[in-house]
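None of the values given here were measured: they were computed from a predicted structure. Every chain is numbered from 1 and lettered A, B, ... according to where its sequence line falls, protein lines coming before strand lines.
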Number of protein chains: 2
Amino acid sequence: MTTTPPASAPPKPGDSLSRDAVLVAALALIDRKGVAGFSVRDLARDLGVYPTALYWHVPGRNALIAGAVAMALGDLKPARRPTDWAAGVRALFRRYRKAVRAHPAIAPVLGAQLVSNESMPPELVEHMLMLLERAGFSGDRLRHAYNTLVAGMVGFVTLELAPLPEEDPEGWATAHRQRMQDVDARQCPTLAREMPHLARGAFVVRASSGVDQPLDQSFEFWTETVIQGLAAMRERSAP
Amino acid sequence: MTTTPPASAPPKPGDSLSRDAVLVAALALIDRKGVAGFSVRDLARDLGVYPTALYWHVPGRNALIAGAVAMALGDLKPARRPTDWAAGVRALFRRYRKAVRAHPAIAPVLGAQLVSNESMPPELVEHMLMLLERAGFSGDRLRHAYNTLVAGMVGFVTLELAPLPEEDPEGWATAHRQRMQDVDARQCPTLAREMPHLARGAFVVRASSGVDQPLDQSFEFWTETVIQGLAAMRERSAP
DNA sequence: ACCTGAACACCGTTCAAGT
DNA sequence: ACCTGAACACCGTTCAAGT
């Protein structure tokens, strides 16, 4: 169990396998094909090895994904001590988004599969708890504020970077655009009126992923909303 | 294109197929096996038909999932006119969570895959825009507030209902509990101290899904945080 | 119009065997 | 200790054929 998490030896193609080399290659493959399109056999092909060779280093496909995600989140480092809790939250949200944007294909796993718990560095949890304690939360309300903070950090980015169906992406996109054009203006007047605005960068309405069309301003708005909300909840707190 | 979205004829096993019957059966199978474990061949078996027969009614596996999700979200109905925008948001969040809790297996698709855009009723989008306009948002800030509201509605529930790995759930759970016990108390003092609190119902720390261990209070806290946050952002708005 | 049936190109994982 | 190689029980989707 002496796994060395930092690890990042360049994946020399010649020499023998190692857990880390396998995970690095797995992350690279996921980056290219997406989690859904990621296959053990493809990975083995990339490594020039029989598929079953991987099972010596890693228990199975799930562990490959969890390990690759952990690798991607390894960059998410503690950062320097923030001036106040709000600044800390702002910096944390930005760092998290940046780390995921470096490997957007892992986004669908992050919030949506419990396996990803395994990939989140404990230091990150510690950091969030510390920020919230400094904000004045404790006991049960600390837990609720913490859950709020995690949902806030992960939720938006998961939605923003949600991938198109891998089957026929541009076919799906044009079909969805059509669906949105066809919305009944009498039943949905506001939607119909705001359509030009929304088509380019609004959840549900858009036909593109945040990888191609980042929602930077909405993300800032979101971050401030969570911070303001927590600030308000803090004052409601029972001592 | 005269599909009847309400549709809910009981899936008579004897007579011939229909798009709706196929989707109802697909949703039922997803409920049982999860989206990852859902297979076209299993569905065909359930319907007593050759796998390829389904391709007459539906273009493929993706469409089956999207259709099933749309079916599940069909229950999410407009509800009565709210007294004020905040009450509207509160009611909306509750209704959404309730609808997803009725079919928790669809949660991983909802925020994390763009296909789910296809499954969201346009009336829902309209309703959200209306609430935010009433709150005083317009133009670009309306879009940001809307994205915030969608992320707020979907984000928490997606995290809460994230499924365990289908491979070996209880094996994973005990392993994760161990991982959390083994956290270094010197490096993560707050986490170590709050562990008893957090183990039962905190994201990342927990080893169970929200299906078994609902996070009701955290969800309420989350909802109020988003509402308070939006209220604060509203006052910052440029006219 | 709706379904059968065979076929294709894949999967993840097992287990015994090699070195 | 680490990898090969064959084998098992699956996949989603195609296309021609039936009725």
J.: How does DNA chain C look in dot-bracket form if you count Watson-Crick and G-U pairs under 3.5 Å, write [ ] for pairs that cross, and put | where a base pairs with another strand?
T.: ||.|||||...|||||.||
J.: Report yes if at least one side-chain N or O of His57(A) is closer than 4.0 Å to OP1 or OP2 of dA1(D); otherwise report no.
T.: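 Answer no for this pair, as no side-chain N or O of His57(A) is under 4.0 Å from OP1 or OP2.
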J.: Which nucleotides of nucleotides 4-16 of chain C have their base under 4.0 Å from a protein heavy atom (B), which only their sugar-phosphate (S), and which neither (-), written as one string 5' to 3'?
T.: BBB----BBBB--
J.: With no hydrogens and no angle check, is any side-chain donor or acceptor of Ser116(B) less than 3.5 Å from a backbone partner on Ser119(B)?
T.: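 Pair absent, no side-chain N/O of Ser116(B) close to backbone of Ser119(B).
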J.: Considering residues at least two apart in sequence or located in another chain, which fulfil the side-chain hydrogen bond (donor to acceptor under 3.5 Å, both in side chains) criterion with His57(B)?
T.: none
J.: Just to verify, what does Asp216(B) make a salt bridge (charged side-chain N to carboxylate O under 4.0 Å, His left out) with, not counting sequence neighbours?
T.: Arg97(B)
J.: Keeping Glu126(A) on the side-chain end and Leu191(B) on the backbone end, is there a donor-acceptor pair under 3.5 Å?
T.: yes
J.: Could you tell me whether Arg61(B) and Glu167(A) have a side-chain N and a carboxylate O separated by less than 4.0 Å?
T.: no
J.: To the nearest 0.5 Å, how far apart are CG in Leu64(A) and CZ in Phe38(A)?
T.: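 Those atoms lie 4.5 Å apart.
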J.: Does Arg41(B) have any salt bridge (charged side-chain N to carboxylate O under 4.0 Å, His left out) partners at least two apart in sequence or in another chain, and if so, which?
T.: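 Scan of Arg41(B) (salt bridge (charged side-chain N to carboxylate O under 4.0 Å, His left out), adjacent residues dropped) gives none.
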J.: Partners of Arg94(A) by salt bridge (charged side-chain N to carboxylate O under 4.0 Å, His left out), sequence neighbours excluded?
T.: Glu220(A)
